[in-house]
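Comments concern the structure below.
Lettering follows sequence order; numbering is per chain, from 1.
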Protein chains: 2
Amino acid sequence: MKKDTGKTKYILLGLMAKRPQTGYSIKKSIEYEFRHFWQESFGQIYPTLKILVDQGFAETSETETTQNGRRTITYTITERGQAELQRWLSEVPDVEKLRYEILLKVSFGTTTEPEIIDQHLDAFIARNEASLAEMEGFLTVFKDLEVHRTDILGSELTALCGKYLYTAMKDWAMEAKKRISDQKELQNETKNP
Amino acid sequence: MKKDTGKTKYILLGLMAKRPQTGYSIKKSIEYEFRHFWQESFGQIYPTLKILVDQGFAETSETETTQNGRRTITYTITERGQAELQRWLSEVPDVEKLRYEILLKVSFGTTTEPEIIDQHLDAFIARNEASLAEMEGFLTVFKDLEVHRTDILGSELTALCGKYLYTAMKDWAMEAKKRISDQKELQNETKNP
DNA sequence: GCATGCATGTAAGAAGTTACATGATTGT
DNA sequence: ACAATCATGTAACTTCTTACATGCATGC
């Protein structure tokens, strides 16, 4: 109904509020810090940055000449942008819409193809363990800084969320494997008395 | 690049494989069982069902006259559809793309607006507790059936995933609240020696 | 010489949501 | 009388991804 840029707008404003950035570096920031909980493509970022400028939420300080030959455009949040960010911050966040393809496969395939599902679960466990390790790496870095620096709390809480999430998913998958194999045994017992 | 229907196709096939259904009842099934991990709208379901028929993955057994005046169309999976479902089942599931808006807000707002973030976290905790209770309700029902019925294992594992997920999220939010208030205290100490 | 990283951008298309139209039945 | 549930469907729109084009600098 409303012509809007969805939520892309706000992650851009939020990152700009930390420091003025180029579209490219915003993409890198998202990949670095939010990859596990949010993603944006260039196809979203560049057009949205233009819209933000049009709406007076950001300003460009073009540096036509740069260290490397390419021109770069640095975007800075304006006061109006800051206010808009604040407005969004105070709104109740949307309920997240999850789509776990593995769950569909588990649900549709456990009884007919328990071996395949078991393999998927193994891969899922490995994937979640890898993410978990990444999160713990982040947390160690933050702990080593040891200071009560306010500017890292946000990043720390993001990593902590990942830690909780990936642990839960790993644990679930392990439990699921157990239940699937338990059931297979039960079925065998019924067959061979 | 490829003209496809995304993943919608497969949840429809998966549900049809359990029993022939109408588009409407498929929607209800998704809402009932997968709501927390998958969602589809009528705008996706009806056109996709037509495509499935075109591709020979489903058949219609139209019941022009029904108990209520409206005509209903029951979709049944074909052998080819069954094979297609099987093919998808054996493929490695995609990495899920999460988008947690609350995490952006926490990350961007903890230091500047700790009170607002605290409120968001309270609401988030309540929301996750409600979902958790729902999942535990499901699990109790399944345990009461008590049988080693294979056809409920899939549903049970779905509910179990929800239990793990929502517990993790609730716990994270509680920990986040604690860390935010800890930091506020630290800042106060620095101010008043 | 070639791949990669930095940097900006567009076009095409896929995927998904929302609103609406139709209409009967059942319950309040 | 009105709302809700059953039931099918479409149109308009938004949102998002993917592929591509350009081009310099640097490292292998």
Side-chain angles (χ1 to χ4, degrees), chain A residues 1-12 15 20-32 34-35 37-54 58 60-75 94-99 101, chain B residues 1-12 15 20-32 34-35 37-54 58 60-75 94-99 101:
Chain A
M1 190 118 265
K2 267 177 255 165
K3 175 148 183 182
D4 208 0
T5 26
K7 312 279 178 187
T8 303
K9 188 177 169 173
Y10 302 109
I11 193 167
L12 299 187
L15 288 170
Q21 290 186 70
T22 66
Y24 190 87
S25 74
I26 285 174
K27 178 87 198 295
K28 294 291 127 177
S29 301
I30 295 172
E31 271 168 19
Y32 180 72
F34 296 109
R35 193 161 44 90
F37 301 103
W38 203 271
Q39 44 286 131
E40 295 290 351
S41 63
F42 284 127
Q44 289 279 105
I45 292 169
Y46 285 117
T48 304
L49 281 170
K50 277 200 176 161
I51 291 169
L52 287 176
V53 172
D54 286 351
T60 53
S61 34
E62 300 202 35
T63 317
E64 298 287 343
T65 28
T66 347
Q67 40 292 56
N68 40 345
R70 199 82 169 79
R71 93 195 144 109
T72 58
I73 304 170
T74 303
Y75 290 86
D94 275 358
V95 177
E96 43 289 325
K97 287 177 187 167
L98 310 178
R99 281 193 143 193
E101 196 183 5
Chain B
M1 189 118 263
K2 267 176 255 162
K3 176 151 183 176
D4 209 0
T5 26
K7 311 279 178 188
T8 303
K9 189 177 168 173
Y10 302 109
I11 193 167
L12 300 188
L15 288 171
Q21 289 186 72
T22 66
Y24 190 86
S25 75
I26 285 175
K27 178 87 198 296
K28 293 291 127 178
S29 300
I30 295 172
E31 271 169 21
Y32 180 71
F34 295 109
R35 193 162 44 92
F37 301 103
W38 203 272
Q39 44 285 132
E40 296 289 352
S41 63
F42 284 127
Q44 290 278 104
I45 291 170
Y46 285 117
T48 304
L49 281 171
K50 277 199 178 162
I51 292 168
L52 287 177
V53 173
D54 285 351
T60 51
S61 34
E62 300 203 34
T63 316
E64 297 288 342
T65 28
T66 347
Q67 40 290 60
N68 42 343
R70 199 80 168 79
R71 94 194 142 108
T72 59
I73 303 170
T74 303
Y75 290 86
D94 275 357
V95 177
E96 43 289 324
K97 287 177 186 167
L98 309 178
R99 280 192 144 195
E101 197 182 5

When you check the phosphate oxygens OP1 and OP2 of [N], does a side-chain N or O of [X] lie under 4.0 Å from one of them?
| X | N | answer |
| --- | --- | --- |
| B:S41 | C:dT17 | yes |
| B:K97 | D:dC16 | no |
| B:T8 | C:dG16 | yes |
| A:R71 | C:dG9 | yes |

Among [options], find the nucleotide with the atom closest to the side chain of [X].
| X | options | result |
| --- | --- | --- |
| A:R99 | D:dT17, C:dA7, C:dG16 | C:dG16 |
| B:Y46 | D:dC16, C:dT10, D:dG9 | D:dG9 |
| B:Y75 | D:dG9, D:dT17, C:dG16 | D:dG9 |

(message) Contact list please: residues 21-30 of chain A against DNA chain D, heavy atoms, distance less than 4.0 Å, in numerical order.
(response) none
(request) Determine, for B:E40 against A:R99, whether the closest basic-nitrogen to carboxylate-oxygen distance falls under 4.0 angstrom. (result)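 Yes, this pair counts.
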In whole angstrom, give the distance that lies between atom [atom1] of [X] and atom [atom2] of [N].
| X | N | atom1 | atom2 | result |
| --- | --- | --- | --- | --- |
| B:I73 | C:dT22 | CD1 | C1' | 14 Å |
| A:L12 | D:dC16 | CG | C1' | 14 Å |
| B:D94 | C:dA14 | CG | P | 17 Å |
| A:I45 | C:dT10 | CD1 | C1' | 15 Å |

(message) Please classify the nucleic acid contact of B:K50 as base, sugar-phosphate, or nothing, using heavy-atom distances under 4.0 Å.
(response)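 Counting heavy atoms under 4.0 Å across all strands, the contact made by B:K50 is with sugar-phosphate only.
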(message) Which is more 5' along DNA chain D, the nucleotide nearest B:F42 or the one nearest A:W38? Just name the residue.
(response) B:F42
(request) Any chance you could measure B:K27, atom NZ, to B:L12, atom CG, to the nearest 0.5 Å? (result)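 Reported value, rounded in 0.5 Å steps: 12.0 Å.
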